[in-house]
Trainee: 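Here it is, the structure in full.
Everything numeric here is computed off the predicted structure, so don't read it as measured data. Computed over heavy atoms, backbone and side chain alike; hydrogens, waters and symmetry mates excluded. Both ligands and their constituent atoms are indexed starting at 1 by order of listing.
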Amino acid sequence: MDANLEPLVRSLRAAPIVDRDGYEYFVHGVTDGIPPMEPDVLDAIVDGLRERIDFADVDTIVAPEAMGIHHATALSLETGVPFVIVRKRSYGFPAEVAIHQETGYGESEFFLNGVDPGDRVVVVDDVLSSGNTIEAICEALEAADAELVDVAVVLRRVDKDRPEFSRAVTHLLDVGVEDGELVIVD
Ligand SMILES: O=P(O)(O)OC[C@H]1O[C@H](OP(=O)(O)OP(=O)(O)O)[C@H](O)[C@@H]1O
């Protein structure tokens with residue numbers, strides 16, 4: 001495991017698990033902003049993503065609300081790349097792309113704005129679970145004729161029996177819930 005991720009690994013050990021309609025959901029600063037996100041954890045995340053992704057020719061970081069926002073903000077400050085948020089409200093702009101999102105515990109509508117055809121983009125989110133959110137955003141970016149440089153999440157959920165997500169996704173750690181506890185798989 002990447003030793004530079006130690007602050008993130010340490011913080012994950014304390015993550016409580018809550019039941020969301022039968023879905024074992026872990027609560028962490030990355031995914032929920034609670035318990036408090038320590039700056040050294042966010043630093044480790046930004047450094048880890050920058051080691052794995054070349055932001056040199058990236059025009060825009062794209063992150064869904066809500067829990068992609070703090071990662072996109074921190075990355076933007078370090079890389080100088082601007083970011084846009086995929087919002088859960090429509091603005092009615094002519095080029096807006098509507099996105100339907102379904103997670104393991106709910107569904108909602110997203111709206112992509114602020115990305116022009118040909119823009120080189122990196123998608124960033126907190127966690128990939130079913131992959132439906134990332135897939136829907138990638139398809140919206142393809143519809144907007146953006147160039148997808150990379151897709152990144154801090155954590156991938158790789159619980160037993162979970163089908164593997166087909167798209168290549170840069171990630172820092174794989175995690176799962178076993179016997180009511182969050183475990184780091186690699
Ligand atoms: O891989 P998936 O199954 O699609 O799940 C991952 C998505 O679920 C969470 O968002 P959520 O819908 O809970 O909204 P939030 O970011 O506003 O908390 C998380 O922030 C990811 O965007």
Trainee: Provide the full list of ring-ring contact (aromatic ring centres under 6.0 Å, His included) pairs with a residue in residues 43-90, sequence neighbours left out, each pair given once.
Mentor: none
Trainee: Please list every donor-acceptor pair under 3.5 Å in which a side-chain atom of residues 32-43 meets a protein atom from a residue at least two apart or in another chain.
Mentor:
unit_1	atom_1	unit_2	atom_2	d
Asp32	OD1	Tyr25	OH	2.6
Asp32	OD2	Tyr25	OH	3.1

Trainee: So which protein residues pack against ligand 1 under 4.0 Å, heavy atoms counted?
Mentor: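 Correct list: Glu65, Ala66, Met67, Lys88, Gln101, Thr103, Tyr105, Asp125, Asp126, Val127, Leu128, Ser129, Ser130, Gly131, Asn132, Thr133.
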Trainee: Between Ser130 and Glu102, do the side chains contain an N or O donor and an N or O acceptor separated by less than 3.5 Å?
Mentor: no
Trainee: So, do Val149 and Val121 sit near enough that their side-chain heavy atoms are less than 4.5 Å apart?
Mentor: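 Side chain of Val149 against side chain of Val121, heavy atoms only: no contact under 4.5 Å found.
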Trainee: Does any donor atom in the side chain of Thr31 or Asp126 lie under 3.5 Å from an acceptor atom in the other side chain?
Mentor: no
Trainee: Apart from Val158 itself, what residues make up its hydrophobic cluster when side-chain heavy atoms of I, L, V, M, F, W and Y under 4.5 Å apart count as a link, directly or indirectly?
Mentor: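 Direct or chained contacts put Val158 with Val185.
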